[in-house]
Amino acid sequence: EGIVRSTVQAYFSSDPTIAPGLLRLHFHDCFVQGCDGSVLILGLSAERTSLSNTGLRGFEVIDDAKEQLESICPGVVSCADILALAARDAVVLTGGPSWRVPLGRRDGRVSSALDASKSLPSPLESIAVQSQKFADKGLDDHDLVTLLGAHTIGQTDCRFFQYRIYNFTATGNSDPSINQAFVSQLQTLCPKNSNGLNKVALDKDTPSNFDVNFFKNIRDGYGVLESDQRLLGDDTTRSIVLNYAGNIRGLFGVRFSLDFPKAMVKMSNIDVKTGYDGEIRYICSKFN
């Protein structure tokens, strides 16, 4: 764990945006074939070529940690375990809670872009569809809202929400669920005829801190992705969002800090491979 931690720390020191990258990488791994490092495989039809995995990053951090571990204890630590540890360390480095990561996962032998396209939740989907995708993995609505709280760090491309600020309605108006003052801020960051590749923080106030401001933003109409903002409009998720957004500063931060590690451990146990299932890869980007 020390080797993974020091590796993540080194990359984070030179580029703090690697933290949300590692967290997203782990999430995208677990939702396809389970938490088995299948997202790390390089190949023409491998998971990382899927449109759903556009912009995934942090691969070099995992490869670096793996190389160091192989030199000390070859064939022992799986790439899936390294990724689970790195995601935890990324949260801690941005001021979030820590937790004990259960270890012993083995690496998968299948990596399919088609699987990724089918299994991963999309920001364009309704809460009902996302909820079903989470349920398929043994996660409930509370887990869904809690894990989406990871958007307290990280950013997205304008192209993934530009339609909300220019032509959401048939008449060409913006999405009415966005705070109107925020619409003009977003339009400044994402000019109408730009290529849509500008980056915008998912948490407008403290994008580098792991905190509950993301939920307060949603409560106040400052959600950037439509799927994030929809959490407030859906009956099943609204109360959870408002609970986290809270009013008493000390109390609500504590609740999220307790719930997030639990949801992460639950997610990191999705369809794990143990015993003779899978393998321990020597190089994370290719099967043995």
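Throughout, residue positions are numbered sequentially from 1 according to the sequence presented. Computed from a prediction, not measured in an experiment: that's the story for all the values here.
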Looking at [X] and [Y], would you say the former's side chain and the latter's main chain have a donor-acceptor pair under 3.5 Å?
X: S38; Y: G34; value: no
X: S6; Y: I3; value: yes
X: S174; Y: N167; value: no
X: R100; Y: V265; value: no
X: R164; Y: D175; value: no
X: D220; Y: N217; value: no
X: Q132; Y: V129; value: no
X: K133; Y: L120; value: yes
X: K66; Y: V77; value: yes
X: D157; Y: R159; value: no

Quick one: are [X] and [Y] in side-chain contact, heavy atoms under 4.5 Å?
X: L231; Y: V145; answer: yes
X: P176; Y: F168; answer: yes
X: I41; Y: E47; answer: no
X: M267; Y: M264; answer: yes
X: R106; Y: D36; answer: no
X: V224; Y: F182; answer: yes
X: L44; Y: T49; answer: no
X: V76; Y: I280; answer: no

Rounded to the nearest 0.5 Å, how far does [atom2] of [Y] lie from [atom1] of [X]?
X: T237; Y: L232; atom1: OG1; atom2: CG; value: 8.0 Å
X: K199; Y: L202; atom1: NZ; atom2: CG; value: 10.5 Å
X: I218; Y: N213; atom1: CD1; atom2: CG; value: 11.5 Å
X: D228; Y: E226; atom1: CG; atom2: CD; value: 10.5 Å
X: Q130; Y: L124; atom1: CD; atom2: CG; value: 9.5 Å
X: Q162; Y: N198; atom1: CD; atom2: CG; value: 8.0 Å

Same apolar cluster: [X] and [Y], side chain cutoff 4.5 Å:
X: L139; Y: V272; result: no
X: F27; Y: L225; result: no
X: L69; Y: I283; result: no
X: F161; Y: I153; result: no
X: L103; Y: V4; result: yes

Do you know which two heavy atoms are closest between [X] and [Y], and how far apart they sit?
X: P261; Y: S257; result: CD-O, 2.9 Å
X: S119; Y: F31; result: CB-O, 3.1 Å
X: S239; Y: T236; result: OG-O, 4.3 Å
X: C158; Y: V200; result: SG-CG2, 4.0 Å
X: Q9; Y: L93; result: OE1-CD2, 3.3 Å
X: H26; Y: C35; result: CE1-SG, 4.4 Å

Please set out all donor-acceptor pairs under 3.5 angstrom arising from side-chain atoms of residues 79-92, sequence neighbours excluded.
from	atom 1	to	atom 2	distance (Å)
D81	OD1	R105	N	3.2
D81	OD1	R105	NH1	2.6
D81	OD2	G104	N	2.8
D81	OD2	R105	N	3.4
R88	NH1	W99	O	2.6
R88	NH2	E1	OE1	2.9

Check whether the side chains of [X] and [Y] place a donor and an acceptor atom closer than 3.5 Å, and report yes or no.
X: N53; Y: S50; value: no
X: Y11; Y: E60; value: no
X: D211; Y: T206; value: yes
X: D64; Y: T7; value: no
X: D203; Y: H151; value: no

Please assess D115 against Q33 for the test side-chain hydrogen bond (donor to acceptor under 3.5 Å, both in side chains), listing each intermediate value before the final yes or no.
-> CA-CA 8 Å; D115 283 345; Q33 303 275 345; 2.6 Å; yes
Full working for side chain to side chain contact (heavy atoms under 4.5 Å, CB included) between V212 and T152 | CA-CA 7 Å; V212 290; T152 173; over 6 Å; no
Could you walk me through whether T146 and D259 pass the side-chain hydrogen bond (donor to acceptor under 3.5 Å, both in side chains) check?
-> CA-CA 7 Å; T146 305; D259 287 352; 4.9 Å; no
Taking atom [atom1] as the centre, does [X] end up with more than 12 heavy-atom neighbours from other residues, nucleotides or ligands that are less than 6.0 angstrom away?
X: Y282; atom1: OH; value: no
X: L51; atom1: CG; value: no
X: N288; atom1: CG; value: yes

Do R230 and S177 pass the side-chain hydrogen bond (donor to acceptor under 3.5 Å, both in side chains) test, and can you show the C-alpha distance, the side-chain angles, and the key distance before you say yes or no?
-> CA-CA 9 Å; R230 274 186 182 156; S177 67; over 6 Å; no
Would K286 and L42 count as a side chain to side chain contact (heavy atoms under 4.5 Å, CB included) if you check the C-alpha gap in whole Å, the side-chain angles of each, and the deciding distance to 0.1 Å?
-> CA-CA 6 Å; K286 61 182 194 190; L42 271 173; over 6 Å; no
Working for side chain to side chain contact (heavy atoms under 4.5 Å, CB included), residues I165 and C190 = CA-CA 9 Å; I165 55 175; C190 305; 4.1 Å; yes
Is a salt bridge present between K273 and E279, judged by a nitrogen-to-oxygen distance below 4.0 Å?
-> no
Got a salt bridge between D29 and R48, using NZ or NE/NH1/NH2 to carboxylate O under 4.0 Å?
->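 Salt bridge absent between D29 and R48.
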Derivation of the side-chain hydrogen bond (donor to acceptor under 3.5 Å, both in side chains) call for Y222 and Q229 | CA-CA 8 Å; Y222 295 111; Q229 192 58 52; over 6 Å; no
Mutual orientation of the aromatic rings belonging to F210 and F256 [parallel < 30°, tilted 30-60°, perpendicular > 60°] | parallel
Take L25 and R57 through the test side chain to side chain contact (heavy atoms under 4.5 Å, CB included) and record every step on the way to the result.
-> CA-CA 7 Å; L25 198 54; R57 49 196 291 259; over 6 Å; no
